[in-house]
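Let me begin by presenting the structure, written as structure tokens, before commenting on it.
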There are 2 protein chains.
Amino acid sequence: MPSRARIADVAEIAGVSRTTVSHALSGRRPVSDEARAKVLAAVKELNYRANQLAVGLRKARTQTIAFVMPDITNPFYPMVARGVQDAIRDAGYQVVVCSTDGDADREAAFISDMVGRAVDGLIVDLFRTPGEYVQSLVGGHTPVVILGPLKAPIGDRVHGDDKVSVAEATRHLLRRGRTRIAFVGGLPGVGPADSRLSGYEDALLGAGLPIVPELVIRCDYTRQGGRAAVAAALDAGLDFDAIVCANDLGAIGAIDALRAAGRAVPDDVAVTGFDDIDAAALVHPQLTTIDNRAYEKGTVCGRLLLQRITGELTGPFRDIVVPGALNVRESA
Amino acid sequence: MPSRARIADVAEIAGVSRTTVSHALSGRRPVSDEARAKVLAAVKELNYRANQLAVGLRKARTQTIAFVMPDITNPFYPMVARGVQDAIRDAGYQVVVCSTDGDADREAAFISDMVGRAVDGLIVDLFRTPGEYVQSLVGGHTPVVILGPLKAPIGDRVHGDDKVSVAEATRHLLRRGRTRIAFVGGLPGVGPADSRLSGYEDALLGAGLPIVPELVIRCDYTRQGGRAAVAAALDAGLDFDAIVCANDLGAIGAIDALRAAGRAVPDDVAVTGFDDIDAAALVHPQLTTIDNRAYEKGTVCGRLLLQRITGELTGPFRDIVVPGALNVRESA
DNA sequence: GGTCCGGCGCAAACCGGTTTGGTAAATCTC
DNA sequence: GAGATTTACCAAACCGGTTTGCGCCGGACC
């Protein structure tokens with residue numbers, strides 16, 4: 001394989017110096033029309049493109065940001081990535097996506113690696129790496145935006161407010177006349193379940209209704225978990241006319257169990273989910289659920305990071321809440 | 001912001017030359033235990049990590065490959081990306097993901113940009129860019145693996161065989177005693193519909209059954225398309241006991257129409273899909289469909305590219321078929 | 001006609017690493 | 001104990017660009 005054309009090759013063919021080629025292409029200093037024409041012709045002939053490693057090395061800017069996510073196959077993150085990309089593209093920036101696929105060690109490895117590659121900024125959603133450790137990895141030389149619930153004084157932060165969102169879903173059920181509302185999903189201490197549960201509680205208390213312990217059923221985030229939990233509740237003869245689920249998969253499982261027991265959704269029991277996964281609109285009945293606004297979160301992260309990189313934004317780190325949006329469909 | 005530590009800083013603190021630091025860290029030449037200890041101490045103290053731009057520039061290798069995909073929010077591609085990543089990670093390579101989000105110009109821009117960033121290899125799935133153009137963008141200096149149906153003499157190729165897969169799904173229906181099988185989906189000439197249709201035809205003809213033109217219904221790839229097509233067929237009084245759909249969304253739409261008409265799935269009409277999207281297992285009844293083996297395709301792409309990069313594989317470009325896998329669930 | 005100025009181009013330094021060639025000291029060989 | 005070899009290190013070249021400093025040239029101005 002022949003190697004790629006270098007700027008020296010262009011200079012030789014155009015009959016000018018490397019400097020002049022650089023200036024002709026960047027416009028940093030004026031160049032005669034004649035020289036520019038010769039340079040452009042040579043560039044075309046050789047199919048020349050600058051080696052961005054060299055450019056980045058010299059300029060100390062790579063026009064690249066990294067987005068470190070826990071799992072690229074979780075549809076939330078690709079949608080965030082698209083938002084990020086749309087927010088930074090016009091400024092001439094690129095995003096590179098790193099998925100740790102649930103591996104804790106790889107979170108740190110990716111961050112370190114991306115800093116080594118001299119990215120101009122980082123967006124990170126971390127499951128397991130403590131904030132202080134991230135600090136040491138980044139070294140304070142690269143601006144960081146934290147996506148998600150992690151609180152760490154290393155950069156701006158963008159996150160949702162599950163509590164408020166679930167409270168809104170619960171109030172939606174109350175407005176529709178449901179009074180015996182159950183909560184299903186999310187083992188205590190695992191993931192976002194607790195804040196979602198507290199949103200449910202807030203809404204009930206706010207409406208002057210009691211929290212009935214039997215109607216708060218904790219289970220994992222799977223379809224099977226939701227199905228088993230609701231089936232058990234029905235078997236136990238519990239009485240409820242609506243279910244607030246901690247996530248969509250659990251809600252789909254809940255509907256499975258209701259269908260199996262001959263209860264109509266939403267007529268006998270209304271069901272709400274959380275996440276608004278693709279399948280939410282595809283199942284029957286279509287799921288009323290909370291859209292976590294992945295794309296918007298991405299654009300916010302991208303804009304924020306860009307402002308830090310350019311210095312347009314300085315001062316204390318900001319904390320931006322992107323509230324969820326209740327998506328009313330058929331199930332509630 | 002203070003700038004990051006450089007190798008010269010490490011050398012100074014350790015009291016040795018830059019050369020010795022490099023050798024101590026890379027092991028390319030022997031270094032005394034004493035010097036190594038001092039270097040490692042200084043590295044730790046300064047939290048030093050090499051600037052990969054400089055390393056890549058000098059070594060002319062970046063240990064990075066790029067994966068250019070048409071749409072990161074199509075779950076197929078993230079799963080492929082995971083496969084690629086798993087295949088190359090142990091060799092010390094990284095993958096950077098570029099999504100063109102359906103924009104044709106950006107396909108070319110990304111490829112050009114990644115070549116400019118001196119990636120060691122490319123995996124591309126192109127919707128619109130012609131092969132020869134890609135050739136000129138890459139310049140023949142970087143190995144390429146083509147994912148998908150594009151035929152271009154610029155690199156190895158990894159793709160499915162929709163025709164064979166759909167034929168298998170159709171034979172599955174025949175084995176279950178279905179005889180009047182319809183095909184629904186995919187406008188002619190758009191995407192993979194034609195090869196899928198021909199698999200359906202192959203299977204019927206192979207079983208000695210005629211192709212009934214009325215039972216071949218072309219529509220777009222959406223849920224609405226499938227629903228409208230099947231609703232119209234039912235209205236027209238067409239008689240069929242199974243439907244082979246060109247994709248899962250269309251199949252879900254088909255089931256919508258069957259449900260609305262009071263036909264039971266699969267008892268009255270069996271339905272198969274294609275893609276095995278997440279929702280396929282979440283809808284009711286769960287969809288029997290063809291898994292396009294995204295992860296496996298990713299690992300194959302990754303391994304192939306790696307072999308080209310290392311020179312382990314040379315000679316004519318290979319064409320590897322990753323056959324789909326029929327995933328039998330409830331709908332057929 | 002000399003001075004000043006702007007336009008234009010080149011040489012050289014620089015970014016931060018790796019790699020090569022050379023050398024001084026230590027060790028081996030006979 | 002002289003010569004050969006090895007060990008351990010360093011200086012300098014190099015990767016491919018950008019940027020800086022300087023000189024040359026021609027035209028305008030006094």
Side-chain angles (χ1 to χ4, degrees), chain A residues 2-40 42-43 46-64 113 115-120 139 141-142, chain B residues 2-40 42-43 46-64 113 115-120 139 141-142:
Chain A
S3 74
R4 290 174 46 203
R6 295 155 308 200
I7 198 171
D9 302 325
V10 175
E12 188 178 349
I13 290 204
V16 298
S17 71
R18 284 164 25 204
T19 308
T20 301
V21 174
S22 178
H23 287 154
L25 295 177
S26 71
R28 297 254 312 148
R29 280 197 192 174
V31 161
S32 67
D33 291 344
E34 184 194 344
R36 189 191 346 273
K38 287 191 295 188
V39 166
L40 293 179
V43 164
L46 295 173
N47 194 20
Y48 168 78
R49 276 155 297 164
N51 181 329
Q52 295 301 319
L53 298 177
V55 173
L57 180 58
R58 177 63 228 241
K59 291 190 174 176
R61 288 183 297 111
T62 52
Q63 302 284 108
T64 303
D113 192 75
V115 172
R117 280 169 203 251
V119 295
D120 296 338
H141 314 305
T142 309
Chain B
S3 74
R4 290 174 46 203
R6 294 155 309 198
I7 198 170
D9 302 324
V10 176
E12 188 178 351
I13 291 203
V16 298
S17 71
R18 285 168 18 206
T19 308
T20 301
V21 174
S22 178
H23 288 153
L25 294 178
S26 70
R28 296 254 313 148
R29 281 197 191 175
V31 160
S32 69
D33 290 345
E34 184 194 345
R36 189 190 348 273
K38 285 192 295 188
V39 166
L40 292 179
V43 163
L46 295 174
N47 194 20
Y48 168 78
R49 276 155 298 164
N51 181 329
Q52 295 302 318
L53 297 178
V55 174
L57 180 58
R58 177 63 227 240
K59 290 190 172 176
R61 289 184 295 111
T62 52
Q63 303 284 108
T64 303
D113 193 74
V115 172
R117 286 176 140 85
V119 296
D120 296 338
H141 315 303
T142 309

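The figures here come from the full heavy-atom set of this structure, side chains too, leaving out hydrogens, waters and symmetry mates. The sequence lines fix the lettering, A, B, ..., with proteins before strands; numbering per chain opens at 1.
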What contact category does Ala5(A) fall into here, base, sugar-phosphate, or nothing, at under 4.0 angstrom with non-hydrogen atoms?
sugar-phosphate

Tell me: CD of Glu12(B) to P of dA11(D), nearest whole Å?
13 Å

On DNA chain C, nearest-nucleotide positions of Ala54(A) versus Val16(A): which is more 5'?
Val16(A)

Rounded to whole angstrom units, what separation is found between the CG atom of Asn51(B) and the C1' atom of dG16(D)?
14 Å

Please confirm whether the shortest side-chain N or O distance from Tyr48(A) to OP1 or OP2 of dG17(D) is below 4.0 Å.
yes

At less than 3.5 Å, do the side-chain atoms of Arg18(A) and the base atoms of dG17(D) form a donor-acceptor pair?
yes

Expressed as a whole number of angstroms, how long is the span from Arg6(B):CZ to dC15(C):C1'?
10 Å

If you check the Arg58(A) side chain, which of dA13(D), dC9(D), dA13(C) turns out closest?
dA13(C)

Side-chain donor-acceptor contacts of residues 11-22 of chain B below 3.5 Å, not counting sequence neighbours, with atom names and distances?
from	atom 1	to	atom 2	distance (Å)
Ser17(B)	OG	Thr19(B)	N	3.4
Ser17(B)	OG	Thr20(B)	N	3.2
Ser17(B)	OG	Thr20(B)	OG1	3.2

Out of dT18(C), dC10(C), dG16(C), whichever nucleotide has its closest atom nearest the side chain of Thr19(A):
dC10(C)

Looking at every non-hydrogen atom in both residues, tell me the closest pair between Thr62(A) and Ala118(A) and how far apart they are.
OG1-O, 2.8 Å

Please report the closest heavy-atom contact between Leu25(A) and Tyr48(A), naming both atoms and the distance.
CD1-CE2, 3.9 Å

Please give, in whole Å, the distance from dT19(D) C1' to Ile7(A) CD1?
12 Å

Backbone N or O of Arg61(A) within a donor-acceptor pair of the Asp120(A) side chain at under 3.5 Å?
no

Contact summary for Asp9(B) and Arg4(B), nearest pair of heavy atoms:
OD2-O, 4.3 Å

Pairwise 5' ranking along DNA chain C for Arg49(B) and Glu34(A), keeping only the more 5' one
Glu34(A)

Take atom CD of Gln52(B) and atom P of dT18(C), then tell me their distance rounded to the nearest Å.
8 Å

Whole-Å gap separating C1' (dT19(D)) and CZ (Arg61(A)):
13 Å

Kindly say if Thr20(B) contacts the phosphate of dC10(D), meaning a side-chain N or O under 4.0 Å from OP1 or OP2.
yes

Using heavy-atom distances to pick each residue's nearest nucleotide on DNA chain D, tell me which of Arg29(B) and Lys59(B) is more 5'.
Arg29(B)

Take the protein atom NE2 of His23(A) and the nucleotide atom C1' of dC10(C), then report the distance between them rounded to whole Å.
10 Å

Touch class at under 4.0 angstrom, heavy-atom based, for Arg28(A) against every strand present
sugar-phosphate

Pick base, sugar-phosphate or nothing for Ser32(A), based on heavy-atom distances below 4.0 Å to the nucleic acid.
sugar-phosphate

Which of the following nucleotides, dT19(C), dC10(D), dA13(C), is nearest to the side chain of Ser17(B)?
dC10(D)

Between Arg117(A) and Thr64(B), a side-chain donor and acceptor under 3.5 Å:
yes

Give the nucleotide from the list dG17(D), dT18(C), dC10(D) with an atom nearest to the side chain of Val55(B).
dT18(C)

Rounded to whole Å, how long is the line connecting atom CG of Leu53(A) with atom C1' of dG16(C)?
12 Å

Could you please name the option among dG17(C), dG16(D), dG9(C) that lies closest to any side-chain atom of Leu57(A)?
dG16(D)

Contact class for Ala60(A) (heavy atom, under 4.0 Å): base, sugar-phosphate, or nothing?
nothing

